[in-house]
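Just so it is clear, the structure is predicted and the values come from calculations on it, not from any experiment. Each chain gets a letter, A, B and so on, in the order the sequences are listed, and its residues count up from 1.
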There are 2 protein chains.
Amino acid sequence: MKLNTKSRYAVMALADMAVFSRNNAVSLRDISLRQGISLLYLEQIFLRLKKNNVVKSVRGINGGYILVKSPKDLKISDILLALDQKVKTVGCKKESKKSCNGKSTKCITHHFWDELDIYINSFFENKKLSDLLKIERQEYK
Amino acid sequence: MKLNTKSRYAVMALADMAVFSRNNAVSLRDISLRQGISLLYLEQIFLRLKKNNVVKSVRGINGGYILVKSPKDLKISDILLALDQKVKTVGCKKESKKSCNGKSTKCITHHFWDELDIYINSFFENKKLSDLLKIERQEYK
DNA sequence: CAAAAACTTGACTATTTTAGTCGGGTATAT
DNA sequence: ATATACCCGACTAAAATAGTCAAGTTTTTG
């Protein structure tokens, strides 16, 4: 059960921004160097973050990205949502008539997986970007 | 963030056994028919469940598998463990000196992912096979 | 104005993982 | 005997992942 790297890097990069931004735009180049993430990959990730209104961009020299919300208001679930990283632990299609494994009834464990999804989602819903920084902040200042 | 089908089917199959076993071995053929899971795939799954002592087998005619523990003592985490389905949401290698992204320090979000893993694991640790059946039992009896 | 820094975007690709299948066994109840 | 059911390693097609690449556009600053 893994999170994809896009989501992980997105959270890392945004955490980096929260630490290093002094009300100015943070360039992907800087994030790339500090966090050891490929610049080209970061570009792809930030495209999505921008489209989903998690960050806004400033072009040109001294440009970069700026967090739309303050870290204490930015939920981790917002970040994952921007990257299509759905917490959908199993693939039973709830909507179709034949719901699970082609049977007409829900699969025997269906309720359990729903519960799991809700459980995990609530973790991401309740964590803010600022929560991530509390512990590790010192190392980076 | 997905669980693989092996793990999902394992839980389904064991739940099926818990419901349909009357102290006799349950054949994979029956499970396959009831749950709509490929027999060949079930064999592969049960091989691992057996190796990890979740089930024991009875060979020959009227053979099949038997749960080693009673459903109310069998933790879901035991099942996932048997299938190598580790809850390790991100790939930072804790053990190596260079821990995350080749940096010498832990990545900025490392603690967060650890927390997430622990959170999810505790869900599986605290759920027993019998918990799954409480709600959906009726439909299958 | 020129040039450099930095964002923009779609397409492409190698690798890995997943979700199984296949073939050829062995054990045992009837 | 023989049918049923477990046993086990190897194989494979398809999908997902983790990026890279190419070719831009915009804006600041010297």
Indicate yes or no for a side-chain donor-acceptor contact from A:Asp131 to the backbone of A:Lys128 under 3.5 Å, with no hydrogens or angles considered.
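Yes; judged by distance alone, with no hydrogens or angles, the pair exists.
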
Is it the case that C:dT9 (base atoms only) and A:Gln44 (side chain only) share a donor and an acceptor within less than 3.5 Å, ignoring hydrogens and angles?
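There is none.
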
Give a yes/no on whether any side-chain N or O of [X] is located under 4.0 angstrom from OP1 or OP2 of [N].
{"X": "B:Lys6", "N": "C:dG20", "value": "no"}
{"X": "A:Thr5", "N": "D:dA18", "value": "yes"}
{"X": "B:Asn4", "N": "C:dT17", "value": "no"}
{"X": "B:Ser57", "N": "D:dA5", "value": "no"}
{"X": "A:Tyr9", "N": "D:dG19", "value": "yes"}
{"X": "B:Ser38", "N": "C:dT21", "value": "yes"}

Measuring from atom CG of B:Leu116 to atom CZ of A:Phe123, what distance do you get when rounded to the nearest 0.5 angstrom?
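That separation rounds to 5.0 Å.
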
Without hydrogens or angle criteria, can the side chains of A:Tyr41 and A:Ser32 be said to hold a donor-acceptor pair below 3.5 Å?
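No, A:Ser32 and A:Tyr41 have no side-chain donor paired with an acceptor closer than 3.5 Å.
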
Between A:Tyr119 and B:Ser122, does any side-chain donor sit less than 3.5 Å from a side-chain acceptor?
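Per modelled atom types, A:Tyr119 and B:Ser122 side chains form a pair under 3.5 Å.
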
In terms of hydrophobic clustering (I, L, V, M, F, W, Y; side-chain heavy atoms under 4.5 Å; direct or indirect links), are A:Leu47 and A:Ile45 co-clustered?
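Different hydrophobic clusters.
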
Shared hydrophobic cluster, A:Ile79 / A:Val19 (ILVMFWY, side-chain heavy atoms < 4.5 Å)
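Yes, because A:Ile79 and A:Val19 connect within a single hydrophobic cluster, where side-chain heavy atoms sit under 4.5 Å apart.
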
Could you check which of [options] has an atom nearest any side-chain atom of [X]?
{"X": "A:Tyr41", "options": "D:dT29, D:dC6, D:dA18", "answer": "D:dA18"}
{"X": "A:Arg29", "options": "C:dA6, C:dA11, D:dC7", "answer": "C:dA6"}
{"X": "B:Ile61", "options": "C:dG20, D:dT26, C:dA29", "answer": "C:dA29"}
{"X": "B:Ser27", "options": "C:dT21, C:dA6, D:dA5", "answer": "D:dA5"}
{"X": "B:Lys51", "options": "C:dT8, D:dC21, D:dG9", "answer": "D:dG9"}
{"X": "B:Arg59", "options": "C:dC7, D:dG19, C:dT28", "answer": "C:dT28"}

Nearest nucleotide by nearest heavy atom, which residue falls closer to the 5' end of DNA chain D, B:Leu47 or A:Leu39?
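First, find each residue's nearest nucleotide; the 5'-ward one identifies B:Leu47.
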
For [X] and [N], what is the distance between atoms [atom1] and [atom2] respectively, to the nearest whole Å?
{"X": "A:Lys56", "N": "D:dT26", "atom1": "NZ", "atom2": "C1'", "result": "18 Å"}
{"X": "B:Asn24", "N": "D:dA5", "atom1": "CG", "atom2": "P", "result": "12 Å"}
{"X": "A:Glu43", "N": "D:dA23", "atom1": "CD", "atom2": "C1'", "result": "12 Å"}
{"X": "B:Lys50", "N": "C:dA27", "atom1": "NZ", "atom2": "P", "result": "11 Å"}
{"X": "B:Ile45", "N": "D:dA5", "atom1": "CD1", "atom2": "C1'", "result": "17 Å"}
{"X": "A:Asn62", "N": "C:dC7", "atom1": "CG", "atom2": "C1'", "result": "13 Å"}
{"X": "A:Ile31", "N": "C:dA6", "atom1": "CD1", "atom2": "P", "result": "12 Å"}
{"X": "A:Leu3", "N": "D:dA16", "atom1": "CG", "atom2": "C1'", "result": "14 Å"}

Base, sugar-phosphate or nothing for A:Tyr65? Non-hydrogen atoms, less than 4.0 Å.
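Since only primed, P, OP1 and OP2 atoms lie under 4.0 Å of A:Tyr65, the category is sugar-phosphate.
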
